[in-house]
Amino acid sequence: MEALYKLLSDTQASLFVLFQKTWVYHWNIVGDDFKQFHDLFGEQYEAVYEEIDRLTEHMRYLNIKPVPTLSRIVEVSHVREADSSLDTMGMVRDLLHCHEIIIDLLNQVSEEAENQKSKGTINLVDDLNEAHGKFVWMLRSFTQ
């Protein structure tokens, strides 16, 4: 179970950094497409916030304590902090890459949860995986 617990903690920390990054980008959008991207990023950070809560409550059910400090969250996250120098399309590409990282982490969690026969974990990460797949589709559509 230790491998599953580590993967869940890393995923939770990564989601937290993604939430904060998306929030920062939401605040820093400028230009002709302001409203479209401001709303898109707003919807995404709100969804990720809810995911963090769902995942963390599931972790507590499994008796896993969430990563306790912001410095430790940043340290174990697979997602890097926001880059305030990016233009709108740079933000889109960065968030697209981050959601792909989250999907990879969720797939690893699902695989380990299957090994541990943790059906609730599998169901939860499948839901999260589908949501991030939709985010990838939306963000990728702006880059093509």
Q: Heavy atoms, side chains only, cut-off 4.5 Å: are Tyr5 and Asn63 in contact?
A: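 A side-chain contact under 4.5 Å is absent here.
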
Q: What residue among Tyr49, Phe19, Phe34, Tyr45 forms ring-ring contact (aromatic ring centres under 6.0 Å, His included) with His26?
A: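 Exactly one candidate clears the test, Tyr45.
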
Q: Between Thr56 and Asp53 (side chain of the first, backbone of the second, donor and acceptor by atom type, cut-off under 3.5 Å), is there such a pair?
A: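 No, the answer is negative, given that no donor and acceptor are paired below the 3.5 Å cut-off.
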
Q: For a quick test of reading the model, state the closest non-hydrogen atom pair linking Thr11 to Leu55 and the distance between them.
A: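 Minimum heavy-atom contact is CG2-CD2, 3.9 Å.
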
Q: What is the distance from atom CG of Leu105 to atom CG of Leu128, rounded to the nearest 0.5 Å?
A: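 Output value for this atom pair is 11.5 Å.
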
Q: Between Arg60 and Glu57, is there a salt bridge with N-O shorter than 4.0 Å?
A: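 Salt bridge absent between Glu57 and Arg60.
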
Q: Test your reading of the model: is there a side-chain donor-acceptor pair from Ser77 to the backbone of Val79, 3.5 Å cut-off?
A: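 Answer holds: yes.
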
Q: Any side-chain donor paired with an acceptor under 3.5 Å for Thr22 and Gln44?
A: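 Short answer, no.
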
Q: Mind checking whether Arg93 and His97 have side chains closer than 4.5 Å, heavy atoms only?
A: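 Not in contact.
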
Q: Nearest 0.5 Å, please: how far is CG in Leu40 from NZ in Lys35?
A: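 One gets 11.5 Å once the value is rounded to the nearest 0.5 Å.
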
Q: CG/Asp87 to CG/Asn28 distance, rounded to the nearest 0.5 angstrom?
A: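 It is 12.0 Å, given to the nearest 0.5 Å.
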
Q: Could you tell me if the side chain of Leu95 sits less than 4.5 Å from the side chain of Phe41, heavy atoms only?
A: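 With C-beta onward as the side chain, the pair touches.
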
Q: Locate the shortest heavy-atom distance separating Val109 from Leu8; write the atom from each residue and the value.
A: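 Looking at all heavy atoms of both residues, the closest pair is CG1-CD2, 3.7 Å.
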
Q: Which is it for Glu130 and Lys134 under the side-chain contact (heavy atoms from CB on, under 4.5 Å) test, yes or no, and what are the steps along the way?
A: CA-CA 6 Å; Glu130 184 175 343; Lys134 185 175 180 181; over 6 Å; no

Q: Is it true that the side chains of Glu100 and His132 contain a donor and an acceptor less than 3.5 Å apart?
A: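 Distance-only check fails for Glu100 and His132.
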
Q: Under 6.0 Å between the ring centres of Tyr25 and Phe37?
A: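 No, they do not, as the ring centres are separated by 6.0 Å or more.
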
Q: Can you list the steps and then say if Val48 with Phe16 is a side-chain contact (heavy atoms from CB on, under 4.5 Å)?
A: CA-CA 8 Å; Val48 172; Phe16 197 90; over 6 Å; no

Q: Atom CG of Asn107 and atom CG of Asp126: how far apart are they, to the nearest 0.5 Å?
A: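 Answer rounded to 0.5 Å: 8.5 Å.
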
Q: If hydrophobic clusters are built by linking Ile, Leu, Val, Met, Phe, Trp and Tyr wherever their side-chain heavy atoms come under 4.5 Å apart, do Ile103 and Ile122 end up in the same one?
A: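 Different clusters.
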
Q: I'd like to check Arg54 versus Asp127 (side-chain heavy atoms, cut-off strictly below 4.5 Å). Are they in contact?
A: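 SC-SC contact between Arg54 and Asp127 confirmed.
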
Q: Let me see the working for Phe142 and Thr88 under side-chain contact (heavy atoms from CB on, under 4.5 Å), right down to the final yes or no.
A: CA-CA 10 Å; Phe142 289 108; Thr88 299; over 6 Å; no

Q: How long is the span from the NE2 atom in His58 to the OG1 atom in Thr121, to the nearest 0.5 Å?
A: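 OG1 of Thr121 is found 2.5 Å from NE2 of His58.
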
Q: What heavy-atom pair brings Val67 and Ser9 nearest, and what distance separates the two atoms?
A: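 Distance-wise, the nearest heavy atoms are CG2-O, 4.0 Å.
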
Q: Looking only at non-hydrogen atoms, find the nearest pair between His99 and Leu139 and report the distance.
A: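 Looking at all heavy atoms of both residues, the shortest contact is CD2-CD1, 3.6 Å.
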
Q: Any donor and acceptor pair, going by atom type alone, linking the side chain of Asp33 with main-chain N or O of Gln36 inside 3.5 Å?
A: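 No, because the side chain of Asp33 does not come within donor-acceptor range (under 3.5 Å) of the backbone of Gln36.
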
Q: Strictly below 4.0 Å, N to O, side chains only: are Asp83 and Lys21 in salt-bridge contact?
A: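 Result for this pair is no, no salt bridge flagged.
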
Q: For the side chain of Ser14 and the backbone of Ile102, is there at least one donor-acceptor N/O pair under 3.5 Å apart?
A: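 Side chain of Ser14 to backbone of Ile102: no pair is present.
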
Q: On a heavy-atom basis, which atom in Ala113 and which in Leu4 lie closest, and how many Å separate them?
A: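 So the minimum-distance heavy-atom pair works out to N-CD1, 3.9 Å.
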
Q: Does a donor on one side chain sit under 3.5 Å from an acceptor on the other, for Glu112 and Gln108?
A: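 No pair is found: no donor N or O on one side chain lies under 3.5 Å from an acceptor on the other.
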
Q: Looking at every non-hydrogen atom in both residues, tell me the closest pair between Ile29 and Met91 and how far apart they are.
A: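 So the minimum-distance heavy-atom pair works out to CD1-SD, 3.7 Å.
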
Q: Under a 4.5 Å cut-off applied to non-hydrogen side-chain atoms, are Glu75 and Arg72 in contact?
A: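 Of all side-chain heavy-atom pairs linking Arg72 with Glu75, at least one is under 4.5 Å.
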
Q: Can you tell me how far apart CG (Leu106) and CD (Glu111) are? Round to the nearest 0.5 Å.
A: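 Leu106 CG to Glu111 CD: 13.0 Å, rounded to 0.5 Å.
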
Q: Contact between Leu96 and Phe135 at the side-chain level, heavy atoms closer than 4.5 Å - yes or no?
A: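 No, their side chains stay 4.5 Å or more apart.
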
Q: Using only atom types and a distance under 3.5 Å, with no angle test, would you say the side chain of Asn129 pairs donor to acceptor with the backbone of Val125?
A: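 Between the backbone of Val125 and the side chain of Asn129 there is no qualifying donor-acceptor contact (under 3.5 Å).
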
